[in-house]
Every structure is written in structure tokens, then in C-alpha cells.
A.B. asks: 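My questions all concern the structure below.
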Amino acid sequence: MTRERYGRLLGYPDGELADGRVTELAAESRAWFAANARPWAFAAPLGRIEVSGSAVVVENGWTFESARLAARLSDIDADRLVVAVVSAGTEVDSASAAHWAEQRPDEGYFLDRFGAAAAIQLGGWAATYLRAQAADDELGLAPGYSPGYDGWDLGDQVKVAKSLIAATPGGLRSLPGALRILDSGMLEPKSSLLAVFGLTTSREAVEGQWARQPCSWCSLSGCSLRGTTSPVRAVGT
């Protein structure tokens with residue numbers, strides 16, 4: 001995990017962590033995570049798709065409504081989808097909540113943000129793995145996109161999560177860790193990410209999307225978390 005990414009998630013300008021207590025809290029969070037957290041990742045194919053206007057219709061009956069997603073998939077002539085989920089694990093939520101209950105908000109906040117940064121890093125590794133697997137099958141994998149991103153309502157995350165569960169023979173029991181989908185579309189554990197990836201036989205078509213800085217897809221120009229470099233992409237960026 002990069003220091004810059006963790007710093008941005010903590011709210012520090014340009015991701016610059018201050019020395020002293022801040023550095024100590026960051027080191028404590030890293031050590032706790034290494035010793036106690038059980039992060040995990042999982043992916044499943046959703047099947048072939050048709051793009052019609054702003055709708056992405058999957059052969060198993062699911063329909064995702066997003067003009068931005070539809071455009072990204074159309075640009076690469078994607079004909080199928082893969083869905084993936086990563087999580088920092090339930091242990092981070094429990095330990096962070098315990099810190100707050102013990103009147104130790106700094107420790108709770110730093111650990112919570114470390115979990116978020118870890119999920120992003122894990123998402124990047126998952127995307128790299130899926131991209132390599134696609135290449136082995138002579139396919140191109142586009143960067144992932146997630147409900148809640150620009151142009152895709154967060155409420156669709158319920159449908160994406162349910163499509164993942166339906167595509168998995170054992171359902172939720174097949175996942176490496178606990179996952180709960182709230183009616184709002186939010187996930188528990190909090191430091192979890194869910195995304196869909198387009199697959200195409202036009203391998204060259206995906207290279208332009210991978211070359212873009214991830215935050216360039218988003219129109220929220222004033223975002224304090226906007227990156228200025230090209231970090232390892234998360235599962236949904």
C-alpha cells in the first residue's frame with residue numbers, strides 16, 4: 001500500500017502524513033492489520049451481455065442501468081461481464097468500533113482508513129489477476145466500474161451483489177469471508193468493494209481505458225480524494 005493513498009484517505013493534503021503521533025498511529029494500524037485482519041477477494045463470471053441505450057442486460061436476467069457503464073462497455077465492444085468483490089474483512093470493523101467505544105477515536109479512525117486503503121490495494125491486485133487470466137484466454141479485460149461511481153446509482157449495488165451470489169453455486173457460503181448487502185446498497189464490512197469488468201475479444205480496445213488515470217473518469221473535480229498520479233487501480237477504478 002502506498003503512503004500517498006493512505007494519507008489521502010486520512011484527509012491529508014497530497015497524501016503527506018505528518019511526523020510524530022500521526023506516523024505512530026499509521027504504524028500501529030499497519031501492524032495490527034498484518035497480525036489480525038483476514039482480507040479476501042472473490043470473482044465470478046456473469047455471462048454474456050447486450051448493451052441497449054443506458055441499459056446493460058446480462059443473459060441471466062440482470063439489468064444494470066447506467067449510461068456511463070454502457071458507454072464504457074460499448075467503447076470496447078464488450079460481450080460479457082465478470083463481477084468481483086474484495087474486503088479488508090470483518091476484523092477491521094470490529095476493532096475500529098472497539099477503539100471508539102473505549103474513547104480512543106484516533107486509533108479507531110486510523111484503523112478504519114487503513115482498512116479502506118487495504119481494500120483498494122487488494123482490489124488492484126484482483127484486477128491485475130483477472131486481467132492476466134483474461135489474456136490467457138486471449139480476451140481483454142477492461143478496468144472495473146462500481147455502483148456509486150459517476151453515472152451509476154449506488155442502489156444498483158444490490159443488484160450487482162445479488163448477481164454475484166446467483167452466479168456462485170454455494171451463494172454467500174462460497175465467499176471467503178462474510179459479506180452483507182444493505183438495502184441502501186452499502187456493504188458490510190465497510191471496507192469492501194464490488195465491481196463489474198467488461199470482457200472483449202478486441203484486446204487492443206481495453207488498453208486506452210487502462211492508460212487513463214482512474215479519477216479522470218469522475219466529474220467530481222473538487223473531490224479531496226482525487227488522485228493526480230496513476231496508482232495501482234482498485235477493483236472498481
A.B. asks: List the atom of P189, the atom of S192, and the distance in Å for their closest heavy-atom pair.
C.D. replies: O-OG, 2.8 Å

A.B. asks: Has Y109 got a side-chain atom pairing as donor or acceptor with L10's backbone, closer than 3.5 angstrom?
C.D. replies: yes

A.B. asks: On a heavy-atom basis, which atom in G115 and which in F33 lie closest, and how many Å separate them?
C.D. replies: CA-CE1, 4.4 Å

A.B. asks: I'd like to know if the side chain of D77 and the backbone of T201 have a donor-acceptor N/O pair within less than 3.5 Å.
C.D. replies: no

A.B. asks: Specify the closest pair of heavy atoms between A142 and Q209, including all atoms of both residues, with the distance to one decimal.
C.D. replies: CB-OE1, 3.5 Å

A.B. asks: Ignoring hydrogens and angles, tell me if any N or O in the side chain of S87 forms a donor-acceptor pair with the backbone of P39 under 3.5 Å.
C.D. replies: no

A.B. asks: For L141, does its backbone N or O pair with a side-chain atom of W210 as donor and acceptor, under 3.5 Å?
C.D. replies: yes

A.B. asks: Can you find a heavy atom in the side chain of Y6 that is under 4.5 Å from one in the side chain of R113?
C.D. replies: yes

A.B. asks: Between A134 and L199, which heavy-atom pair has the shortest distance, and what is it?
C.D. replies: CB-CD2, 3.7 Å

A.B. asks: Name all residues meeting the side chain to side chain donor-acceptor pair (under 3.5 Å) criterion together with E65; count only those two or more places apart in sequence or in a different chain, and write none if there are none.
C.D. replies: S54

A.B. asks: Are R203 and E138 ion-paired here, with the side-chain N under 4.0 Å from a carboxylate O?
C.D. replies: no

A.B. asks: What heavy-atom pair brings A78 and G198 nearest, and what distance separates the two atoms?
C.D. replies: CB-CA, 4.2 Å

A.B. asks: Looking at G108, is its backbone amide N or carbonyl O close enough to the side chain of D106 to form a donor-acceptor pair, meaning the two atoms are under 3.5 Å apart?
C.D. replies: no

A.B. asks: Does V160 offer a backbone N or O that forms a donor-acceptor pair with the side chain of S163 under 3.5 Å?
C.D. replies: yes

A.B. asks: Measure the CD1-CD1 distance between I181 and I165 for me, rounded to the nearest 0.5 Å.
C.D. replies: 4.0 Å

A.B. asks: My understanding is that only one of V86, V83, L175, L179 makes a side chain to side chain contact (heavy atoms under 4.5 Å, CB included) with F42; could you say which?
C.D. replies: L175

A.B. asks: With sequence neighbours excluded, tell me which residues meet side chain to side chain donor-acceptor pair (under 3.5 Å) with R131.
C.D. replies: E207

A.B. asks: When rounded to the nearest 0.5 angstrom, what is the spacing between CG in D93 and NZ in K190?
C.D. replies: 5.5 Å

A.B. asks: Once you round to the nearest 0.5 Å, how far does CZ of F197 lie from OH of Y145?
C.D. replies: 13.0 Å

A.B. asks: Is the closest side-chain heavy-atom distance between L46 and V82 below 4.5 Å?
C.D. replies: no

A.B. asks: Hey, quick one: are V57 and W152 part of the same hydrophobic cluster, counting side-chain heavy atoms closer than 4.5 Å, chains of contacts allowed?
C.D. replies: no

A.B. asks: Do T200 side-chain atoms and I76 backbone N/O form a donor-acceptor pair below 3.5 Å?
C.D. replies: yes

A.B. asks: Whether R21 and E107 form a salt bridge (side-chain N of Lys/Arg under 4.0 Å from carboxylate O of Asp/Glu) is what I want to check.
C.D. replies: yes

A.B. asks: Ignoring hydrogens and angles, tell me if any N or O in the side chain of E91 forms a donor-acceptor pair with the backbone of A37 under 3.5 Å.
C.D. replies: no

A.B. asks: Tell me whether D136 at atom CG has more than 12 heavy atoms from other residues, nucleotides or ligands lying less than 6.0 Å away.
C.D. replies: yes

A.B. asks: Does a side-chain heavy-atom distance below 4.5 Å link V92 with N36?
C.D. replies: no

A.B. asks: E59 and I49: side chain to side chain contact (heavy atoms under 4.5 Å, CB included), yes or no, with the steps?
C.D. replies: CA-CA 6 Å; E59 65 179 350; I49 60 170; over 6 Å; no

A.B. asks: What distance separates L9 CG from F110 CZ, expressed to the nearest 0.5 Å?
C.D. replies: 11.5 Å

A.B. asks: Taking L111's backbone N and O only, do any of them form a donor-acceptor pair with S96's side chain (distance below 3.5 Å, no angle check)?
C.D. replies: no

A.B. asks: Can you sort out the partners of E204 under side chain to side chain donor-acceptor pair (under 3.5 Å), two or more places apart, ordered by chain and number?
C.D. replies: none

A.B. asks: Has S66 got a side-chain atom pairing as donor or acceptor with L69's backbone, closer than 3.5 angstrom?
C.D. replies: yes

A.B. asks: Check whether V56 and V158 end up in the same hydrophobic cluster, where Ile, Leu, Val, Met, Phe, Trp and Tyr are linked by side-chain heavy atoms less than 4.5 Å apart.
C.D. replies: yes

A.B. asks: Can you measure from CD (E28) to OG1 (T23) and round to the nearest 0.5 angstrom?
C.D. replies: 11.0 Å

A.B. asks: Provide the full list of salt bridge (Lys or Arg N to Asp or Glu O under 4.0 Å) pairs with a residue in residues 157-180, sequence neighbours left out, each pair given once.
C.D. replies: D156-K159, R180-E188

A.B. asks: Give me the other members of the hydrophobic cluster that L182 sits in, counting Ile, Leu, Val, Met, Phe, Trp and Tyr linked by side-chain heavy atoms under 4.5 Å, directly or via other members.
C.D. replies: L154, M186

A.B. asks: I need the minimum non-hydrogen distance between W100 and P105, along with the two atoms involved.
C.D. replies: CZ3-CB, 3.5 Å

A.B. asks: Restricting to side chain to side chain donor-acceptor pair (under 3.5 Å), what partner residues turn up for D79, sequence neighbours left out?
C.D. replies: R48

